[in-house]
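In what follows, chains are A, B, ... by sequence order, proteins preceding strands, each numbered from 1.
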Amino acid sequence: MKIPIEFYRRPDPVQIARDLLGKYLFTRIDGVLTGGRIVETEAYAHINDQACHSHLGRYTSRTQVMYEPGGVAYAYLIYGRYTLFNIITNEASKADAVLIRGLEPTEGIPEMLLRRGVASVQRNLTGGPGLLTQALGITTALYGTSLTSDVVWLEDRGAPVPDTEIRASPRVGIDYAGTDAALPWRFRIIGSPWTSPAK
DNA sequence: AACTGGATCCCCT
DNA sequence: GGGGATCCAGTTA
């Protein structure tokens, strides 16, 4: 079933990032359903987190959607080539987020292979934050879209992931965040071949 | 109006 | 394990 809006409006993005493991992310773009099981996430908090785009209340054309009530998509372009997909959490104006970093493909695999331009189902189909967006057809056009919509949404299909199968570690690619770069806010399902390759 | 650098990925060595 | 691709938002002026 589709995840209710209350799930996203809880106050702790770290807890939500952990809870999102084992949930499913789907898109329906041009009528085609694609998606899979979330196996890697990262939390970003508006306070005491220099890595977060909304740190110290930074409010720009890129970050403004972060200040909406939890349960909307925050998609942005990185390095001129990749779109990253985030879920905005917490209540309005709190501006917390969870980045989706790895997906185990389950739905619409032929379409995802086409979009990625790869021949077979392997890690580089959806294992990485810039890859899964391409596979699911997520672009900045989805900026601000509600996660209760029929374009992009999450589902709980049962089978919760126990703590013993989760590894927490520092986030990736945020050296500029100083001491906050060491926070263990990256969560992975241990042993999943669909997590991102970065350390 | 110009400049800088990034929540990445892939290929080369 | 190191560097280049590639472009736009953010910052500075």
What is the distance from atom CG of L99(A) to atom CH2 of W185(A), rounded to the nearest 0.5 Å?
14.0 Å

Rounded to the nearest 0.5 angstrom, the OG1-CG distance for T34(A) and L113(A) is 11.5 Å

What is the distance from [atom1] of [X] to [atom2] of [N], rounded to the nearest Å?
{"X": "E40(A)", "N": "dC9(B)", "atom1": "CD", "atom2": "P", "result": "9 Å"}
{"X": "M66(A)", "N": "dA7(B)", "atom1": "CE", "atom2": "P", "result": "11 Å"}
{"X": "I174(A)", "N": "dT8(B)", "atom1": "CD1", "atom2": "P", "result": "9 Å"}
{"X": "L125(A)", "N": "dC9(B)", "atom1": "CG", "atom2": "P", "result": "13 Å"}
{"X": "Q50(A)", "N": "dG6(B)", "atom1": "CD", "atom2": "P", "result": "14 Å"}
{"X": "Q134(A)", "N": "dA5(C)", "atom1": "CD", "atom2": "C1'", "result": "14 Å"}

Is there ring stacking between Y44(A) and dA7(B), where the centres must be under 5.5 angstrom apart and the planes under 30 degrees?
yes

So, is R116(A) close to the dC10(B) phosphate, meaning a side-chain N or O under 4.0 Å from OP1 or OP2?
yes

Checking R101(A) side chain against T195(A) main chain: does a donor-acceptor pair fall under 3.5 Å?
no

Is a side-chain donor or acceptor of Y176(A) paired with a backbone partner of Q50(A) at a separation under 3.5 angstrom?
no

Let's test this: given Watson-Crick or G-U wobble pairing with both distances under 3.5 Å, identify the partner of dA7(B).
none

Hunt down the Watson-Crick or G-U wobble partner of dT6(C), both distances under 3.5 Å, from any strand shown, or write none.
none

Name the nucleic acid region contacted by L99(A), choosing base, sugar-phosphate or nothing; use a 4.0 angstrom heavy-atom cut-off, strictly under.
base

Using the C1' atom as the point on both nucleotides, what is the distance between dG3(C) and dG5(B), in whole Å?
15 Å

Parallel, tilted or perpendicular for F26(A) and W153(A), by the 30°/60° rule?
tilted

Nucleic acid footprint by protein, nucleotides 7-13 of chain C - heavy-atom cut-off 4.0 Å, B for base, S for sugar-phosphate alone
BSSSS--

Establish, from distance only, whether the side-chain atoms of Q134(A) and R116(A) form a donor-acceptor pair under 3.5 Å.
yes

Short side-chain donor-acceptor distance under 3.5 Å, S196(A) and E40(A):
yes

